[in-house]
Amino acid sequence: MKASQHMAVESSTPPSSRASSVLMGRQDYISAILRLTGMELYKIRRRLMSKVLSFISVLSVLSIFGLLALAAFLMAKDGTPSDAILRFSEALRLPGSLSLIVQLLLTLGQILVIILVSTIVGGEYTDKTVRLMLTRGPSRTQFLLSKIGASTVCIMLGVVGIVLLGIFTGLLLNFTTGIVPTFDFFSASWLGHSVLYLLITMLGLLTYAMMALFLSTLGRATAAGLAGVLTWSFLIEPVIGVVGLFGRSISGPLGSFFQSLPDYLIGSNISVLLQNQDSYIFPTPSAQQVPSQSSDIHALLVLLAYLVVFIGIALWVNKRRDVLI
Amino acid sequence: MADDISYQDNENIVISTSRLTKAFGKLVAVNDLHLQVMRGDVFGFLGPNGSGKTTTIRMLLGLIRPTAGRAIIFGMDNSYQLPAILLRIGAIVETPVFYPYLSGKDNLHAVAAASGMRSGSASNRRVEEVLEIVELGKQAKDAFRNYSLGMKQRLGIGAALLADPELVLLDEPTNGLDPAGQYEIRQLIQRLSNLGKTIFISSHFLHDIQQVCNRVAILQKGNLIKQGEVNELLQQGEQIIVRLNTIGDTEQALTLLQQAREQGLPWIEQANMDTNKQNIPIIRVGAPRTRSAEINALLARHNLFAAEIRPQEGSLEDLFLGLTAPSASISTPRPGMAALARDSHDLQIEE
């Protein structure tokens, strides 16, 4: 077969020239992926759904910080002891606000990312546009890689945008508490760990996004990705967490097995990575801000394994199967 | 393998399939298909619903993998060099599909990016050009979801032409278009053909195919039953209609023509009695149109004087129905079609 392939290459007919108005771009593998990624981002920008998701994100940030500020304001008005107001103020300003925003990103943000990625992947099957795209030149692998690229860009921009919005909104609303913000905590090390903290958040969102991409590809529908990942992250992971706790009450290998299960979940490994950064970012660690017993390496390897499995199977399935729609 | 090499050596062969087969479980959708489309051809691909036309087009475009056989396009095997092949093809597969939330213009920009064209404003001029060609300039900014079926079809053709491809694959391009739209598409195909493009068109509109195509292939139940030049096929379907004034004369003339055929006039394929639209008996003679005068002379020598002798062109519709009707091989009342059905494989291009 290789011989015939070689022959086909040798005897391929040269392409004829195109109309002068047809300006072809660079045709190398990476350029094609970048061009497709740009197209995906353009499509996302033009969708009503992405505008609605952005609106929900912004509204959520404003609401949460608004509610905190309102509560602090009402307490100050009632003459509540300053300790309680101080706690609200800490949540409104850095570094406390960073933790609040990240928690928001890993709950509501996660749902929005899952909706977005399931739609941009499953929508190609629902609208049958996969047929359009796969008959234009890009390979199936390039097509899916451009989706991954667009998802990654959306997650990065979304996290950075929401974090900046949250920080500035919190600082602004902090004035209602009457407590002047200080930046004693700020140092190069703090900035580095905060960046790492956000990168971990992005990695967490990306892992769930890739699960959505995988399930949407497998199920050829938006609903497959959406329902699958939401079920996994909000039902199966908590259940496995409970099974892990249950394992503590059982002795022997079965108990050890049950206990170890939560160590291999996406959510718990993201928590481990975040928890291991807490002590560097938050000057007065609470009980939950004590470093985790699990190592960063373990958590990163587990998340990497998930990414390899999700992306690998999605690429394989996408490459192998017939497009019959 | 030697066959494949000979396909590839000929630069004029744009598409060549060799034993192309697709089975879905026990259902064989396309069976052992050998097709050849030459550079500059306007190639009609005909067949009843479910005959395997769209499956073949999907295999050519790499949307589905063949169970057996291979397709060579521009001398490249589409199993290995699909991206390079697709950059030279524009295609519509079934009803054109686009992103419903994007405008027609934005959809073409998306297609341009996927087709390897420069993205953004660099492809603006070409997008505008194509929108004008398919007469969607005024609706360019409307969302695709609001387009009528005809507009969707035109946008599909626009997308197929966007990168100025060498080969245009059109699956039912006139579906949903009114007669004026169908006429425009025929004109467009003619213009593309004049520009040297190779066009592969599948359609149920046999009249359209007959008007624009120079070569056709007919599929039935996944099998290729006919492939050849349209002119040659139509010549085989030609008839001469003979009407005489009385039924007695008509019967006598029929006997005479049948005897003449048996006794040495090989150009008379068949002669059958039939009735015209006014229910008047006529004789359908399966013979080239140029033989009308000879038939007239033959009858006159036996004192049979025709009230009407009318040559009738063969049509793809007759050919198609003759070949694909369930009873085509058993009962062939139309002499021209009987001849075609009998030697239906004569024009197939051999490996």
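Lettering follows sequence order; numbering is per chain, from 1.
- Neither the backbone nor the side chain of Ser123(B) comes within less than 4.5 Å of any heavy atom in chain A.
- If you measure heavy-atom distances from Leu162(B) to chain A, the contacts under 4.5 Å come from the backbone alone.
- Atom CG of Asp106(B) sits about 4.5 Å away from atom CZ of Arg46(A), to the nearest 0.5 Å.
- In this structure, Leu169(B) CG and Thr135(A) OG1 are separated by 9.5 Å, a value rounded to the nearest 0.5 Å.
- Shortest non-hydrogen contact noted between Met24(A) and Arg118(B) is O-NE, 3.7 Å.
- When side chains are defined from C-beta on, Ile64(B) counts as touching Leu324(A), because their heavy atoms get closer than 4.5 Å.
- Most heavy-atom pairs under 4.5 Å with chain B, from the set Lys43(A), Glu40(A), Gln27(A): that is Lys43(A).
- Other residues, nucleotides and ligands place more than 12 heavy atoms under 6.0 Å from the CE atom of Met49(A).
- Heavy-atom pairs under 4.5 Å with chain A were tallied for Gly116(B), Ala113(B), Ala110(B), Gly156(B); the largest tally goes to Gly116(B).
- Taking a 6.0 Å sphere around CZ of Phe234(A), one finds it holds more than 12 heavy atoms contributed by other residues, nucleotides or ligands.
- With a threshold of 4.5 angstrom between heavy atoms, Arg65(B) approaches chain A through its backbone and through its side chain.
- Atom CZ of Arg140(A) is separated from atom CG of Leu63(B) by 6.5 Å, given to the nearest 0.5 angstrom.
- Comparing Arg47(A), Arg26(A), Gln142(A) by how many heavy-atom pairs each has under 4.5 Å with chain B, the most go to Arg47(A).
- When all heavy atoms are compared, the tightest approach of Ala114(B) to Met39(A) is N-SD, 4.3 Å.
- Heavy-atom neighbours of chain A within the stretch residues 97-104 of chain B, taken at a separation under 4.5 angstrom, comprise Val97(B), Phe98(B), Tyr99(B), Pro100(B), Tyr101(B), Leu102(B).
- Listed by first and then second residue, the ring-ring contact (aromatic ring centres under 6.0 Å, His included) pairs that reach into residues 128-165 of chain A come to none, sequence neighbours excluded.
- Nearest heavy atoms, Glu129(B) versus Ser21(A): OE1-OG, 2.7 Å.
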Could you walk me through whether Lys22(B) and Asp322(A) pass the side-chain contact (heavy atoms from CB on, under 4.5 Å) check?
-> CA-CA 11 Å; Lys22(B) 181 66 187 180; Asp322(A) 290 341; 2.7 Å; yes
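- Remark: Glu94(B) engages Arg131(A) in a salt bridge, criterion side-chain N to carboxylate O under 4.0 Å.
- Residue Leu34(A): no heavy atom, backbone or side chain, is found under 4.5 Å from chain B.
- Crowding of Lys319(A) atom NZ: a count of heavy atoms from other residues, nucleotides or ligands under 6.0 Å not exceeding 12.
- Contact annotation for Leu134(A): both backbone and side-chain heavy atoms come within less than 4.5 Å of a heavy atom of chain B.
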